[in-house]
Amino acid sequence: MAVISSVFRSGLFKDRVAIVTGGGTGIGQAIALELLYLGCNVTIASRKVDRLEKAAKDMNSRLAKHLNAPLPKLNTFKCNIRSEEEVKQLIRNTVEVHGRLDFLVNNAGGQFLSPAANITLKGWSAVIDTNLTGTFLCCREAYTQYMKENGGTIINIIADMFKGFPLMSHTGAARAGVDNLTKSLAIEWADSGVRVNAVAPGSSIYSDTAAANYGSDDIFSFIKSRVPAKRYGTVEEISAAVCFLLSPAAAFISGETVFVDGGGKLYQNMLDIPDHQRSKAYTWENDVKEQESSGNCGPQSKL
């Protein structure tokens, strides 16, 4: 991904300031890079400092080939969004360095493939704390420390989990919570000039990071067959949706979730149910037979 471009006009976000959590890889890096390309000063945050520094070096190198100096400022900040104090410090540091915070993109998250019956409490709590609680903490601190008095825009990256999320029920539950949080905050914070929206990438959005996380490209090949577009989505397509929602063109949009999934949410579920005989039909006749066989049958009226 050597080229940088955008469907939006040059300098759209000049002198604005954004935080992108999980901005060192995959979707988060694409969002951070396009914001920088459009003139925005960006802080990328993650738990892994080495990954952040490597990403920042790479992004600055690529930006230098496409933009005239001086480049927008790209800062890195180590932050585990599950830590309330680290989140507070992330927002505080960004406002101190730049004097403002216009945009917050809550992209950081994590999950793993597992049948629900096999998820331990530790695994469940880790995913909920990261994807739901971490997003809440970032929203709350961005609002209380700056946006309450100055306005701003928040974008939450969630998932296409609206038909359930089999094999990832922990993140499905967390992302559903963020979807509702998005709607709630859009109402509560409207009088502060704060817009809050969400972007739901389809499971078919491909990145090397995602493929490595799930251990194989096979899962993406399977998912692609269940997408009407019959192709993978790209991280740039997520970034473009985020930049639109951050832009003045979306000034009258708040509390919405934008799906970027090639129509996948309208098509098929990701889990095939095998044929079985475990779903018993209910009829009054069957109900009487069930009571008779259990010895609990009292006087019955024949209809």
Side-chain angles (χ1 to χ4, degrees), residues 7-8 18-23 26-28 30-31 34-35 81 103-111 127-128 130-140 142-143 147 152-166 168-190 192-207 210 223 226-229 232-270:
V7 300
F8 303 101
I19 292 174
V20 181
T21 64
I27 289 173
I31 294 168
E34 187 165 3
L35 287 173
I81 61 172
F103 309 138
L104 168 65
V105 181
N106 287 308
N107 169 74
Q111 52 273 321
V127 172
I128 298 297
T130 300
N131 296 341
L132 178 55
T133 306
T135 297
F136 164 72
L137 290 173
C138 290
C139 288
R140 187 193 69 188
Y143 177 75
M147 292 185 179
T153 308
I154 298 172
I155 308 295
N156 298 319
I157 306 299
I158 55 173
D160 185 0
M161 44 61 202
F162 290 82
K163 293 189 294 186
F165 213 160
M168 285 204 283
S169 58
H170 43 17
T171 197
R175 308 293 189 169
V178 175
D179 177 70
N180 191 274
L181 178 67
T182 298
K183 293 174 172 61
S184 299
L185 299 185
I187 300 302
E188 287 193 27
W189 297 349
S192 290
V194 177
R195 293 190 299 111
V196 188
N197 289 293
V199 171
S203 300
S204 59
I205 303 298
Y206 184 89
S207 71
I223 290 170
R226 283 160 163 71
V227 177
Y232 299 137
T234 68
V235 293
E236 292 93 338
E237 288 169 320
I238 305 303
S239 177
V242 170
C243 287
F244 165 70
L245 289 172
L246 292 174
S247 79
F252 207 51
I253 301 175
S254 194
E256 289 296 323
T257 293
V258 175
F259 294 84
V260 186
D261 64 354
K265 70 181 184 300
L266 304 173
Y267 199 41
Q268 294 179 315
N269 206 303
M270 295 301 168

| task | Might you work through the salt bridge (Lys or Arg N to Asp or Glu O under 4.0 Å) test for K183 and D179, ending with a clear yes or no? | result | CA-CA 7 Å; K183 293 174 172 61; D179 177 70; 3.0 Å; yes
| said: Please find the pair of heavy atoms, one from A173 and one from I128, that lie closest to each other, and give the distance. | reply: CB-CD1, 4.4 Å
| field | Contact check, side chains of V105 and V242, non-hydrogen atoms, under 4.5 Å | value | yes
| said: Within the structure provided, determine whether N107 and I27 are in side-chain contact (heavy-atom separation under 4.5 Å). | reply: yes
| remark: In short, C138 meets T21 closest at the heavy-atom pair SG-CG2, 4.2 Å
| Heavy-atom count around F8 CZ within 6.0 Å, excluding the residue itself: above 12? | yes
| message | Please identify which of these residues, T133, T130, L137, N131, meets the side chain to side chain contact (heavy atoms under 4.5 Å, CB included) condition with I81. | response | T130
| Main-chain N/O of A249 paired with S247 side-chain donor or acceptor, under 3.5 Å | yes
| Contact summary for G202 and D160, nearest pair of heavy atoms | CA-CB, 4.2 Å
| Can you check whether C243 reaches I31 side chain to side chain, under 4.5 Å on heavy atoms? | no
| field | Where D261 and K265 come nearest, the two heavy atoms and their spacing | value | OD2-N, 3.0 Å
| said: I need the L246 CG to T153 OG1 distance, nearest 0.5 Å. | reply: 6.0 Å
| field | Nearest atoms (heavy-atom pairs only) where V260 meets A241 | value | CG2-CB, 3.8 Å
| task | Taking the side chain as every heavy atom from C-beta outward, state whether I238 and V199 have any atom pair closer than 4.5 Å. | result | yes
| query | Does the side chain of I157 come within less than 4.5 Å of P201's, by heavy atoms? | reply | yes
| task | Hey, can you tell me if W189 and Y143 have their rings parallel, tilted or perpendicular (30° and 60° cut-offs)? | result | parallel
| Close side-chain approach of L245 and I253, heavy atoms under 4.5 Å | yes
| said: One pair to check against side chain to side chain contact (heavy atoms under 4.5 Å, CB included): T257 and N197. What are the steps and the verdict? | reply: CA-CA 6 Å; T257 293; N197 289 293; over 6 Å; no
| Test item: I154 and N106 side chains (from C-beta on) under 4.5 Å apart, heavy atoms | yes
| request: Evaluate side chain to side chain donor-acceptor pair (under 3.5 Å) for S239 paired with E236, printing each intermediate quantity in order. | output: CA-CA 5 Å; S239 177; E236 292 93 338; over 6 Å; no
| said: I want to check something: taking the side chain as every heavy atom from C-beta on, are Q111 and R175 in contact at a cut-off of under 4.5 Å? | reply: yes
| task | Could you tell me whether the side chain of T182 and the main chain of A198 form a donor-acceptor pair under 3.5 Å? | result | no
| query | What's the spacing between L35 CG and I19 CD1 if we round to 0.5 Å? | reply | 12.0 Å
| request: Could you pull out the closest heavy-atom pair between L181 and F136, with the gap in Å? | output: CD2-CA, 3.9 Å
| message | Measuring from atom CE of M147 to atom SG of C139, what distance do you get when rounded to the nearest 0.5 angstrom? | response | 8.5 Å
| remark: Here the gap from I155 atom CD1 to F103 atom CZ, rounded to the nearest 0.5 Å, amounts to 9.0 Å
